[in-house]
Amino acid sequence: MAVKKTVAMGLLGTRLDRGSSAGRWSGWRPTVSLFQHEDLLIDRFELLTEPQFAEMAQEVAADIRLVSPETEVRIHELSFGRDAWDLADVYGALFDWAKQQDFRLGEEDYLLHITTGTHVAQISLFLLNEAGYLPGRMIQTAPPFGKLRRGDSGVGRYSFIDLDLSRYDELTSRFAKELLETTDFLKSGIATRNEKFNRLIERIEQVALRSKAPILLTGPTGAGKSHLAKRIYELRHERAGLEGEFVEVNCATLTGDTAASTLFGHRKGAFTGAQANRPGLLRTAHGGMLFLDEIGELGLDEQAMLLRALEEKTFLPVGADSPVKSDFQLIAGTNRDLGAAVSEGRFREDLLARIQLWTFSLPALAERREDIPPNLDYEIERFTQSEGRSLTFNKEAKEAFLRFALSADTPWRGNFRDLNAAVIRMGTLAPRGRVRVEDVEEEVARLRASWHRPVQEESVELVDLTSLLTPEQLAEIDPFDRIQLAHVLAVCRRSKTLAEAGRELFAASRLKRAKPNDSDRLKKYLDKFGLSFEGN
């Protein structure tokens, strides 16, 4: 079996490789030193240089032949353009050279020397190696330890660079710890146990630090969209160089003529009452982050203006003749089905396409019951900090509250807002800041009363089936089933999502299932009649 040849590639070090007098051998020169090691035999060296340093390259090549006569040295002249620190020019020149080479991986082993050259050139070599255009292992040379004395050879040291971080336990542990700290930050230090939610937070962490594109947070009211948006901003502010402000607005509060003015600002005299210029929230968010909660409530005109602001980084304030610039990052939140809103003409399809690149759906608290105990501890600590006085539960009281909270028939309609409100009420009323069983029982009764929805059996909502089914189809449905179908369709029409309709329709039977899938059950029911949630 033939022995593979070893081929090295590297840039000329225009400063450290310099030297034409006899004294050059007493100093360390990175390229020459690569060939002065008895245990590293190199058959061929591809020396890359800019044309203006061609003479120096010839001198270095001659010195390499002196210390390693068996090495063939080939000089290649590359032009990096007018600026050797321009990444595009340097990378482009090295890329073009790499594409011209005939790498024979079956016959030759390759080494890429990255000690020499500018930092831009070294980065380019690394990127080309990682992308596979320059194959082989990366190698670096270094001067001897300590200060060189007269007569020292200056051979120095060499080492291979292994980017497989899995081999470095300490680094791997450090990165794992850093990842844990970051996701822990997004969860406000709450030790959540729900696997699906924890995976969701890991994905959000990756996107938050790697992308500036809009993020869409969906989920029921009170699921924590606003809180998570603020944590994403704080993470980007700390780790990703985001310097501007965090600006939050609930679009449900923007109504009438003031909506555009609030978001995009106005010029003095633009309308009655506009007595001074107003910058608008988009301008305030310049360089920072804008959180538009309940974006589905935004009017169509404001949606069009927002789309332009996202795509062109400019917008036109009310009453202005010239556009204003604002470069902001966007997080949008909604508890609505925006796809359905597009079908109904209430939301622009082009805006939805722009903001849903990264969409994350936050589960309701009832879907994360295993996370209630750590969130209860978090709310207790938050109350203690905000009120400046200690709050504790005696053992029996905490057990009683958790029995209620974890029960399958506890709906948690307001999600984390309900949990937060419950802790505030119990903490405020508990004598000397210690919650007792009777305090829990009073709060449980209060919560159940707030969740109660009266059902009027005599006025069950029905839909006119003749508008959806043909006479032939109706003739095949029993009168009993017609009433049921009419009611199901009425609930679907006033529900925002398939899941919401399913939760109401299967309110009793879903509690007996370990994993209720209301959406699937309702979809299959509608399928029997050739109907769908979106089209009823």
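Predicted model, so just to flag it, every value in this text is computed and none were measured.
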Closest approach of [X] and [Y], non-hydrogen atoms and distance?
{"X": "L209", "Y": "A240", "value": "CD2-CB, 4.5 Å"}
{"X": "D321", "Y": "L316", "value": "C-CD1, 4.0 Å"}
{"X": "S124", "Y": "V90", "value": "OG-CG1, 3.9 Å"}
{"X": "L298", "Y": "L254", "value": "CD1-CD1, 4.1 Å"}
{"X": "F80", "Y": "D89", "value": "O-CB, 3.4 Å"}
{"X": "I372", "Y": "A405", "value": "CD1-O, 3.4 Å"}

Hey, what's the ring geometry for [X] with [Y], parallel, tilted or perpendicular (30° and 60° as the breaks)?
{"X": "F315", "Y": "F264", "result": "tilted"}
{"X": "F291", "Y": "F246", "result": "parallel"}
{"X": "H237", "Y": "Y233", "result": "parallel"}

Minimum side-chain heavy-atom gap [X]-[Y] below 4.5 Å:
{"X": "L307", "Y": "R354", "value": "yes"}
{"X": "R382", "Y": "N420", "value": "yes"}
{"X": "D86", "Y": "V120", "value": "no"}

Show your working on side-chain contact (heavy atoms from CB on, under 4.5 Å) between T314 and V324 and close with a plain yes or no. CA-CA 5 Å; T314 63; V324 172; over 6 Å; no
Intermediate values then yes/no, side-chain contact (heavy atoms from CB on, under 4.5 Å), I232 and I331: CA-CA 9 Å; I232 292 173; I331 296 182; 3.8 Å; yes
Under a 4.0 Å N-O cut-off, is there an ion pair linking [X] with [Y]?
{"X": "E108", "Y": "R44", "value": "yes"}
{"X": "K313", "Y": "D327", "value": "yes"}
{"X": "D109", "Y": "R137", "value": "no"}
{"X": "R15", "Y": "D17", "value": "no"}
{"X": "R236", "Y": "E234", "value": "no"}
{"X": "R199", "Y": "E202", "value": "no"}

Would you say [Y] and [X] are linked by a side-chain donor-acceptor pair, where the criterion is simply a distance under 3.5 Å?
{"X": "D371", "Y": "T192", "value": "no"}
{"X": "H113", "Y": "T141", "value": "yes"}
{"X": "R203", "Y": "Q206", "value": "yes"}
{"X": "T118", "Y": "W85", "value": "no"}

Going by the rule side chain to side chain contact (heavy atoms under 4.5 Å, CB included), which residues pair with T334 if we only count those two or more places apart in sequence or in a different chain?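 L216, T218, E294, I295, R336, L338.
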Other residues, nucleotides and ligands only: do more than 12 of their heavy atoms fall within 6.0 Å of CD on E349?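 Check fails, neighbour count at 12 or below.
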Should we count OH of Y133 as having more than 12 external heavy atoms under 6.0 Å?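 Open.
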Considering residues at least two apart in sequence or located in another chain, which fulfil the salt bridge (Lys or Arg N to Asp or Glu O under 4.0 Å) criterion with D377?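 For D377 the salt bridge (Lys or Arg N to Asp or Glu O under 4.0 Å) partners, ignoring immediate neighbours, are K398.
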Working note: N250 + T253, criterion side-chain contact (heavy atoms from CB on, under 4.5 Å); need CA distance, chi angles, decisive distance, verdict. CA-CA 6 Å; N250 189 319; T253 65; 4.1 Å; yes
If you measure from [atom1] on [X] to [atom2] on [Y], what distance do you get to the nearest 0.5 Å?
{"X": "Q52", "Y": "S79", "atom1": "CD", "atom2": "OG", "result": "7.5 Å"}
{"X": "L134", "Y": "E46", "atom1": "CG", "atom2": "CD", "result": "11.0 Å"}
{"X": "S159", "Y": "M138", "atom1": "OG", "atom2": "CE", "result": "11.0 Å"}
{"X": "L352", "Y": "F347", "atom1": "CG", "atom2": "CZ", "result": "6.0 Å"}
{"X": "R348", "Y": "L300", "atom1": "CZ", "atom2": "CG", "result": "7.5 Å"}
{"X": "L362", "Y": "H227", "atom1": "CG", "atom2": "NE2", "result": "11.0 Å"}

Intermediate values then yes/no, side-chain contact (heavy atoms from CB on, under 4.5 Å), E248 and L292: CA-CA 6 Å; E248 178 179 0; L292 294 179; over 6 Å; no
